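Remarks on the structure that follows.
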Amino acid sequence: MAKLAFMSDASPELLATPLKSLPGLAPRARQLAKLGLRSTGEALFYFPRDYDDFSDLRKIAELDDDALQTVRGRVTEIDGVGGGFGKSRVGVLIYDGSEHLRATWFNQSFMRDKFSLGQLVQFSGKPKQRGGRWEMSHPGVAWLDEGEQQTPLTLVPVYSSTEGLTQFHLRRAIALSVDHCADAAPDVIPQRLREQWNLLPLGDAIRKVHEPGGADELASARRRFVFQELLVLQLALAARRYQQRVNFSAPELACDAKVSARIERLLPFELTAGQRQAIADIRADIGRSIPMNRLLQGDVGSGKTIVALYALLICVAAGQQAALMAPTEILARQHAQTFAKLLAESRVRHTLLVGGLKPSERKQTLTQLAAGEIDLVVGTHAIVQEAVEFARLGLIVIDEQHKFGVRQRATLRSGEKSPHYLVMTATPIPRTMSMTQFGDLDVSIVRDMPPGRQPVSTYVVKSDDRERWWQFARNQLAEGRQAFVVVPLVEESENIAAMSVDQAFEALTNGRLAEFRVGVLHGRMTPAEKVATMADFVGGKLQVLVSTTVIEVGVDVANASLMMIASPERFGLAQLHQLRGRVGRGSHAGYCAALVTDAISEQALERLTAFAETASGFELAELDFRMRGPGDLFGTQQSGLPPLRIADLQRDGELLAEARTAAFNLYRDDPGLAANDLTLLRKQMLSRYGDALALGDVG
Ligand code: ADP
Ligand code: MG
């Protein structure tokens, strides 16, 4: 096999050396194998989970209790008891001119022979004071040469280990492997990129990650590995975008002044500047034969539905079919009603396709869609999942995108003819997330709100204020307003203080809201029951709706002014903001109460206070991301992408931006990554993301 030019000259066989053939490792081979470590090459990439910082060098007299510190002194006494097959203890006393410290080892009688009187040694560990004297048990040890002043190692790696394998042996196995073959591992990142982005060569990075000379070295090693991981992801996203462009073609949906005038006549209000800009972006995209792949972000209530309708109508005017999908049947019906009103005077043939249709209605709708007799269909996500056939689908809009991962998008896009694709979300996406989970999409953001919208007044209501709040709520209801009460989803098995929906409903109907008409909505109801309850609420038959977060997304009830959230600490900030956005949508001011108990933690209270004080969903999303990480926003498993192993999006945002630039530049200059020195990078990209992103063979 021809050796790739950029591979190190060292023989790749070095990497395959069995660990058990290295000095002293044979007896540990079984435990090492449990960690997946059989060869030296595997050991190179077994990264530390943490580091012990041995750089805090102290005089013994100045030690603090229980924090990792390092001392140096001369051995003044060595003693040991037991040994053989019984329990043993070895003690070594050192003196550093200020005080004595005693190190002890249990059941490691061999330690006794490692010390001699008068020797200069260094101990690192967490000291404890016992009987007026400092002790360390099982400290890390370094034997210092006479006159040696520098610390041999300041950061010592800590690896995830397994039973019967000490850190000492694991470190040794890895250190031996690093010595043996660190420079033999082929570098996935070619030199030109390393130079451009200031990245260590692989061998150096491996050495520095396992044996860092200090925090700076560790940071530079980490930079290289994080960059690599993010680069591979970004290349995959770039590949996906590129493939969309070359492999698929979409109908050109032209929109001239006449068409736009006709559409705008149907709209009941002036578009905001943000809506106009988003429409302009979309219009430019769908006018071309390259399939649009766009994410529309806009805070709750910013008016995304109209933007969607505009795009859908351009599509219909161009003679193609258009589809809008919503995550729930309630939302789909709501959109269908909105459209029905606005399209009353137009000739657009539109219909609703949801699970709750009668079989005959459903069959008819499907037949008409396949025959091209319907222009615009509004439905639940099931529309695509069930492989509904369209005669000529030109545009798909998906509302509330965050429920949808990259993988679903990948399958959606397969097929011969490709529609244009617009996804909308009211959950503002932190920049780092839009570069990963949504990294294959173009982004439009609606930042303004329709005129006259007032921010929802938000309060964190503690038990002292409870009575006052409910009085206020009853007054609002008596004046004809409506209210949501949202309760987090509680698993039966959860042994916590949070209430279930049913409990909350019981408590309210028999207590604070006894004189009002209260309904309940939860996940165990059938779609038909949910729709009926929702209709009762929208129609005013119910004044209060107690529910789980099924109402979270999109529901638009103009008369609702109150949003009360029980156990609010169980929701993410972005989700709370979504909930708050359900009220104050009509002409009545909106009020939101986060109902907290006295048991709430300091930290949770801080988060909720931030929520109450911040009106912008975008600011909240960034805040949430910083405080809780990406998981709670979108559920990483929903993204359809394999999780990142070393990169931490909260911390590595800047590196992510660099890796994205690097990847997109590489891909632009060399679509398919055909250059010789990119072979390994390309392979890594395909093996990691090929399936998730349906990449097929690149290039
Ligand atoms: P979201 O972006 O949360 O989906 P919607 O599309 O549901 O928001 O719009 C929220 C409300 O604002 C709706 O009642 C809608 O009719 C109204 N609306 C949207 N755009 C405008 C506008 N330009 N001027 C006035 N009202 C608008
Ligand atoms: Mg919406």
Side-chain angles (χ1 to χ4, degrees), residues 260 263-282 294-313 323-344 378-381 396-404 422-429 443-456 482 484 534 538 549-561 563 574-590 592 615-618 620-621:
S260 56
I263 294 173
E264 282 171 35
R265 263 205 304 278
L266 298 172
L267 307 182
F269 35 63
E270 284 290 313
L271 294 168
T272 65
Q275 285 170 324
R276 285 206 173 281
Q277 183 54 51
I279 290 166
D281 291 346
I282 294 165
R294 186 168 285 278
L295 173 66
L296 176 62
Q297 287 188 53
D299 210 340
V300 203
S302 60
K304 294 182 294 297
T305 315
I306 290 298
V307 175
L309 180 63
Y310 204 117
L312 294 163
L313 292 179
L324 171 71
M325 299 193 296
T328 64
E329 186 165 333
I330 290 177
L331 257 191
R333 285 180 185 274
Q334 182 183 291
H335 284 319
Q337 275 163 15
T338 306
F339 289 3
K341 263 189 241 150
L342 297 177
L343 298 177
V378 177
T380 47
H381 291 154
I396 299 181
V397 179
I398 300 197
D399 197 14
E400 304 306 343
Q401 154 69 23
H402 57 286
K403 307 269 168 185
F404 248 83
L422 175 70
V423 296
M424 310 198 291
T425 180
T427 308
I429 300 171
V443 178
S444 296
I445 302 182
V446 178
R447 292 194 186 273
D448 45 7
M449 286 282 170
R453 193 65 50 84
Q454 329 161 30
V456 176
Q482 287 170 286
F484 292 104
M534 205 57 216
V538 173
T549 50
V550 285
I551 53 116
E552 174 193 341
V553 281
V555 173
D556 198 10
V557 180
N559 192 43
S561 69
M563 168 60 67
Q575 208 179 5
L576 289 170
H577 183 66
Q578 285 277 309
L579 290 171
R580 166 168 68 184
R582 298 300 117 219
V583 297
R585 295 170 77 92
S587 49
H588 309 290
C592 174
S616 150
F618 285 93
L620 275 177

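Numbering of ligands and ligand atoms starts at 1, following listing order. In this chain, residues are counted from 1 in sequence order. Note that the structure is a prediction, hence the values are computed from the model and not measured.
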Counting from 1, what ligand 1 atoms have a heavy atom of [X] closer than 4.0 Å?
X: E270; value: 22 (C), 23 (N), 24 (N)
X: T305; value: 4 (O), 5 (P), 6 (O), 7 (O)
X: T272; value: 23 (N)

* With only distance considered, is G301 within less than 3.5 Å of ligand 1 through an N or O on each side? -> yes

* Asked: Does L271 reach ligand 1 with a nitrogen or oxygen that is under 3.5 Å from one of the ligand's nitrogen or oxygen atoms?
  -> no

* Report yes or no: does S302 have a heavy atom closer than 4.0 Å to ligand 1? => yes

Closest approach of [X] and [Y], non-hydrogen atoms and distance?
X: D448; Y: G274; result: OD2-N, 2.8 Å
X: V583; Y: V456; result: O-CG2, 3.6 Å
X: A615; Y: H577; result: O-CE1, 3.3 Å

* **Close side-chain approach of H588 and N559, heavy atoms under 4.5 Å** => yes

* To do: Could you check if a side-chain atom of F484 sits within less than 4.5 angstrom of a side-chain atom of L579, using non-hydrogen atoms only?
  => no

* Using a heavy-atom cut-off of under 4.0 Å, does the side chain or the backbone of M424 touch ligand 1, or both, or neither? -> neither

* Structure fact -> Only residue of R294, K304, Q297, Q277 satisfying side chain to side chain donor-acceptor pair (under 3.5 Å) with S444 is R294

